[in-house]
Amino acid sequence: MNQQIVTDLETKARELGFDLFGIAAVRPSDRGAFFRKWLSEGKAGDMGYLARTAEKRLDAPKVLPGAHSVISVAQSYFTESLPEELRNDPARGVIASYAWGSDYHNVILPRLETLAVFLREEIPHVQTRCFVDGGPVMEKEYAERAGLGFIGKNTLLISPRAGSWLFLGEILTTADLPPTLTAQMPSCGTCRRCIEACPTGALDTEYTLDASRCVSYLTIEHKSDIPRDLQKKIGNNVFGCDKCQSCCPWNGRFALASREESYRGTLERQAPLLAELAALSEEEFRARFAGSALERTGYARLQRNVRIARENS
Ligand code: B12
Ligand code: SF4
Ligand code: SF4
């Protein structure tokens with residue numbers, strides 16, 4: 001009976017637009033010691049929420065008592081590659097591709113809720129909690145255990161059949177579902193391209209990201225001034241960074257085209273003119289970026305990033 005539910009859940013997940021699906025049993029993180037050391041070395045920068053929720057992140061029943069299983073899904077956001085001449089145009093600011101279209105939280109969460117309702121109808125009395133990004137869940141680790149892919153040296157989840165341009169989401173549930181069979185996964189092998197491509201040296205050791213130096217962190221999460229020595233290295237990235245994925249051979253060969261039309265972006269969203277961004281009033285900013293991940297980060301941080309990118313160009 002349970003095996004049939006897994007098949008039905010997977011079919012439903014695909015209908016809802018998810019590209020990868022898997023189930024893992026709940027158990028404490030294997031990387032608790034790594035995570036705590038990472039926090040104590042200040043590698044989380046000022047993302048204090050990671051330390052505040054560390055115990056929950058490392059042990060899912062602290063998030064949902066009685067949790068037995070985690071359903072992991074992934075959705076591709078790969079629509080196209082930005083041509084080099086646009087990416088390197090000093091008059092333009094580059095926005096990371098995950099933010100070209102609709103805010104993925106708004107796209108994925110309601111669909112996960114639909115999948116959770118389906119599960120609760122199939123197995124009455126079970127509890128479910130859905131997460132996309134913001135929840136205290138080690139999303140990549142659960143996806144890895146559920147067989148969606150492996151964690152690369154850029155610290156991202158890479159699917160050997162879909163690459164890494166993926167968003168992840170989970171349903172944590174008290175239902176005792178059979179874990180999906182996980183195939184033997186490949187690995188990065190001797191490749192180190194992402195480490196070499198990272199503009200700030202944030203990937204200082206294999207599988208370890210010093211977020212406090214990462215362009216994605218600095219342009220999106222960091223609230224105050226960006227340290228002077230890192231400003232130059234940010235180049236013309238005004239929101240996020242794609243370097244450690246665009247250089248990855250798994251994406252070169254296997255990037256899966258997104259089925260989600262709303263993730264597509266026009267040039268205005270992919271690489272807008274810096275002068276145009278600098279001239280935006282707060283109201284114009286809100287109108288232009290409504291419903292996108294940039295809206296969350298806000299006007300002030302984007303303007304700070306635009307100032308740096310203009311100095312760099
Ligand atoms: C905090 C955070 C960030 C921070 C820190 C990133 C990081 N690597 O931790 C910042 C702001 C920098 C960031 C940036 C980005 N993020 Co982010 N982020 C998160 C968040 C909320 C938590 C991640 C976390 O727990 N970090 C803590 C540290 C300690 O974990 P870690 O670096 O991943 O380390 C793990 C491994 O490296 C591993 N490890 C250690 N040693 C070894 C050894 C071996 C052999 C192996 C295999 C593994 C291994 O142990 C750790 C635990 O598993 C997740 C959502 C979530 N709730 O999980 C999204 C998430 C990871 N982000 C995501 C995305 C899309 C991005 C960006 C691509 C956005 C962009 N284009 O700018 C960049 C990518 C930068 C990068 N290379 O990671 C996606 C990634 C999807 C995927 N394919 O993996 C997630 C899952 C959100 C989502 N729901 O889709 N992010
Ligand atoms: S997102 Fe950019 S800065 Fe951050 S680790 Fe990847 S390449 Fe380095
Ligand atoms: S670029 Fe190479 S080392 Fe980095 S994640 Fe991809 S395969 Fe692994």
Side-chain angles (χ1 to χ4, degrees), residues 20 29-39 41 43-45 47 49-51 53-54 56-58 72-77 94-100 104-105 108-109 112 131-145 148-160 162-170 185-222 230 233-235 237 239-253 293 297:
L20 305 174
S29 168
D30 296 332
R31 310 220 176 91
F34 173 88
F35 186 51
R36 288 195 185 91
K37 183 164 174 277
W38 186 82
L39 289 171
E41 288 170 350
K43 292 192 164 142
M47 294 183 290
Y49 72 95
L50 289 172
T53 55
K56 285 186 173 172
R57 274 174 200 274
L58 297 172
S72 283
V73 295
Q75 187 186 35
S76 165
Y77 60 87
V94 175
I95 292 177
S97 57
Y98 86 99
W100 287 350
Y104 65 102
H105 303 87
I108 295 178
L109 203 53
L112 269 182
F131 301 99
V132 178
D133 186 46
V137 181
M138 302 291 271
E139 296 193 311
K140 294 176 280 184
E141 204 172 322
Y142 272 112
E144 184 185 36
R145 282 196 211 158
L148 270 58
F150 65 96
I151 295 180
K153 290 178 190 171
N154 60 7
T155 77
L156 294 169
L157 192 280
I158 303 173
S159 156
S164 72
W165 305 109
L166 301 168
F167 295 129
L168 303 180
E170 307 72 35
M185 280 291 153
S187 71
C188 293
T190 55
C191 177
R192 287 174 54 86
R193 280 195 210 177
C194 53
I195 296 168
E196 283 148 19
C198 176
T200 57
L203 293 166
D204 51 2
T205 323
E206 291 180 1
Y207 306 101
T208 308
L209 172 75
D210 182 351
S212 71
R213 296 185 65 82
C214 172
V215 175
S216 181
Y217 163 81
L218 293 167
T219 55
I220 302 171
E221 303 288 338
H222 189 63
L230 293 172
K233 297 180 175 165
I234 288 175
N237 290 299
F239 190 86
C241 171
D242 279 338
K243 275 256 158 70
C244 56
Q245 293 191 86
S246 51
C247 68
C248 178
W250 290 98
N251 285 329
R253 288 192 62 191
T297 305

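Please read all numbers here as calculations on a predicted model, not as lab measurements. Ligands are counted one by one from 1 in listed order, and the atoms in each one are counted from 1 as well. Starting from 1, each residue takes its place in the sequence as its number.
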- Query: Counting only heavy atoms, which portion of R57 has something under 4.0 Å from ligand 1: side chain, backbone, both, or neither?
  - Reply: side chain
- Query: Does atom 45 (C) of ligand 1 have any protein heavy atom closer than 4.0 Å?
  - Reply: yes
- Query: Counting each atom of ligand 1 from 1 as listed, which ones have a heavy atom of L166 under 4.0 Å away?
  - Reply: 81 (C), 82 (C), 83 (N)
- Query: Which protein heavy atom lies closest to atom 67 (C) of ligand 1, and at what distance to 0.1 Å?
  - Reply: S216 OG, 4.5 Å
- Message: I'd like to check atom 78 (O) of ligand 1 in this structure: does the protein have a heavy atom lying under 4.0 Å from it?
- Response: yes
- Message: Among all protein heavy atoms in this structure, tell me which lies nearest to atom 39 (N) of ligand 1, with the distance rounded to 0.1 Å.
- Response: R31 CD, 3.5 Å
- Which residue owns the protein heavy atom closest to atom 65 (C) of ligand 1, what's the atom, and how far is it? Y77 OH, 4.1 Å
- Message: Distance under 4.0 Å to a non-hydrogen atom of G135: what atoms of ligand 1 satisfy this?
- Response: 57 (N)
- Hey, is V137 touching ligand 1 through its side chain, its backbone, both or neither, going by heavy atoms under 4.0 Å? backbone
- Query: Would you say P199 contacts ligand 2, with heavy atoms under 4.0 Å as the rule?
  - Reply: yes
- Relative to the heavy atoms of A96, which atoms of ligand 1 are at a distance of less than 4.0 Å? 71 (N)
- Name the option, out of E170, M47, M185, H105, that contains the heavy atom nearest to atom 4 (C) of ligand 1. M47
- Task: Could you tell me the residue and atom name of the protein heavy atom closest to atom 33 (O) of ligand 1, and the distance to it rounded to 0.1 Å?
- Result: K140 NZ, 2.5 Å
- Tell me which part of E206 gets within contact of ligand 1: side chain, backbone, both or neither, using heavy atoms under 4.0 Å. neither
- Note on the structure: Short version for E139: what comes under 4.0 Å of ligand 1, heavy atoms counted, is both
- Closer than 4.0 Å: a protein non-hydrogen atom to atom 83 (N) of ligand 1: yes
- Query: Who's the nearest protein heavy-atom neighbour of atom 25 (O) of ligand 1, and how far?
  - Reply: M138 SD, 4.0 Å
- Query: For T208 and W38, what are the C-alpha separation, side-chain angles and deciding distance, and is it a side chain to side chain contact (heavy atoms under 4.5 Å, CB included)?
  - Reply: CA-CA 8 Å; T208 308; W38 186 82; 4.2 Å; yes
- Electrostatic pair E144-K140, nearest N-O below 4.0 angstrom: no
- Query: Which ligand 1 atoms are under 4.0 Å away from a heavy-atom of S164?
  - Reply: 83 (N)
- Query: With atoms numbered from 1 as shown, which atoms in ligand 1 lie under 4.0 angstrom from a non-hydrogen atom of G240?
  - Reply: 72 (O)
- Considering the heavy atoms of N154, write down every atom of ligand 1 situated less than 4.0 Å from one of them. 76 (C), 77 (N), 78 (O)
- ligand 1 versus L209, non-hydrogen atoms closer than 4.0 Å: side chain, backbone, both, neither? side chain
- Query: Which atoms from ligand 2 have a heavy atom of L209 less than 4.0 Å away?
  - Reply: 5 (S)
- Message: Please list, in number order, the atoms of ligand 1 under 4.0 Å from a heavy atom of D242.
- Response: 71 (N)
- Item | Interfacing atoms of ligand 2 (cut-off 4.0 Å, heavy-atom, V215) | 3 (S), 4 (Fe)
- Take atom 55 (C) of ligand 1 and look for protein heavy atoms under 4.0 Å from it; say yes if you find one, no if not. yes
- Query: Which pair of heavy atoms, one from S212 and one from L230, lies closest together, and at what distance?
  - Reply: O-CD1, 4.0 Å
- Task: Specify the protein heavy atom at minimum distance from atom 27 (C) of ligand 1: its residue, its atom name, and the distance to 0.1 Å.
- Result: F35 CE1, 3.5 Å
- Considering only protein heavy atoms, which is closest to atom 7 (S) of ligand 3, and at what distance to one decimal place? W250 CD1, 3.5 Å
- Query: What residue and heavy atom of the protein are closest to atom 26 (N) of ligand 1, and at what distance?
  - Reply: W38 CH2, 4.3 Å
- Nearest-neighbour protein heavy atom for atom 59 (C) of ligand 1, which is reported as residue plus atom name and distance: D133 OD1, 3.3 Å
- Among protein heavy atoms, which sits nearest to atom 2 (Fe) of ligand 3, and what does the distance come to when rounded to 0.1 Å? C191 SG, 2.3 Å
- Message: Please list, in number order, the atoms of ligand 2 under 4.0 Å from a heavy atom of C198.
- Response: 3 (S), 5 (S), 7 (S), 8 (Fe)
- Just distances here: any N/O of Y98 and N/O of ligand 1 closer than 3.5 Å? no
- What protein heavy atom sits nearest atom 4 (Fe) of ligand 3, and how far away is it? C194 SG, 2.4 Å
- Item | Close-contact set for ligand 2 against K243 heavy atoms, below 4.0 Å | 7 (S)
- Message: Give me the nearest non-hydrogen protein atom to atom 6 (Fe) of ligand 3 as residue plus atom name, then the distance to 0.1 Å.
- Response: C248 SG, 2.4 Å
- Query: Does atom 69 (C) of ligand 1 have a protein non-hydrogen atom under 4.0 Å from it?
  - Reply: yes
- Query: Going by an N to O cut-off under 4.0 Å, is there a salt bridge joining R213 and D204?
  - Reply: no
- Message: At less than 4.0 angstrom from any non-hydrogen atom of I151, what atoms of ligand 1 do you find?
- Response: 47 (C)
- Query: So, for atom 51 (C) of ligand 1, does the protein have a heavy atom nearer than 4.0 Å?
  - Reply: yes
- Part of C241 within contact of ligand 1 (heavy atoms, under 4.0 Å): backbone
- Any protein heavy atom sitting closer than 4.0 Å to atom 63 (C) of ligand 1? no
- Message: Check for me whether I158 has a heavy atom closer than 4.0 Å to any atom of ligand 3.
- Response: yes
- Return the residue, atom name and 0.1 Å-rounded distance of the protein heavy atom closest to atom 8 (Fe) of ligand 3. C188 SG, 2.2 Å
- Note, K153 side chain near R193 side chain (heavy atom, < 4.5 Å): no
- Note on the structure: One should read off an interatomic distance between Q245 CD and W165 CH2, to the nearest 0.5 angstrom, of 4.5 Å
- Message: Side chain, backbone, both or neither: which applies to Y49 and ligand 1 if a contact is any heavy-atom pair less than 4.0 Å apart?
- Response: side chain
- Message: Below 4.0 angstrom, counting only protein heavy atoms, does anything approach atom 30 (O) of ligand 1?
- Response: no
- Classify the contact between N154 and ligand 2 as side chain, backbone, both or neither, using a heavy-atom distance cut-off of under 4.0 Å. neither
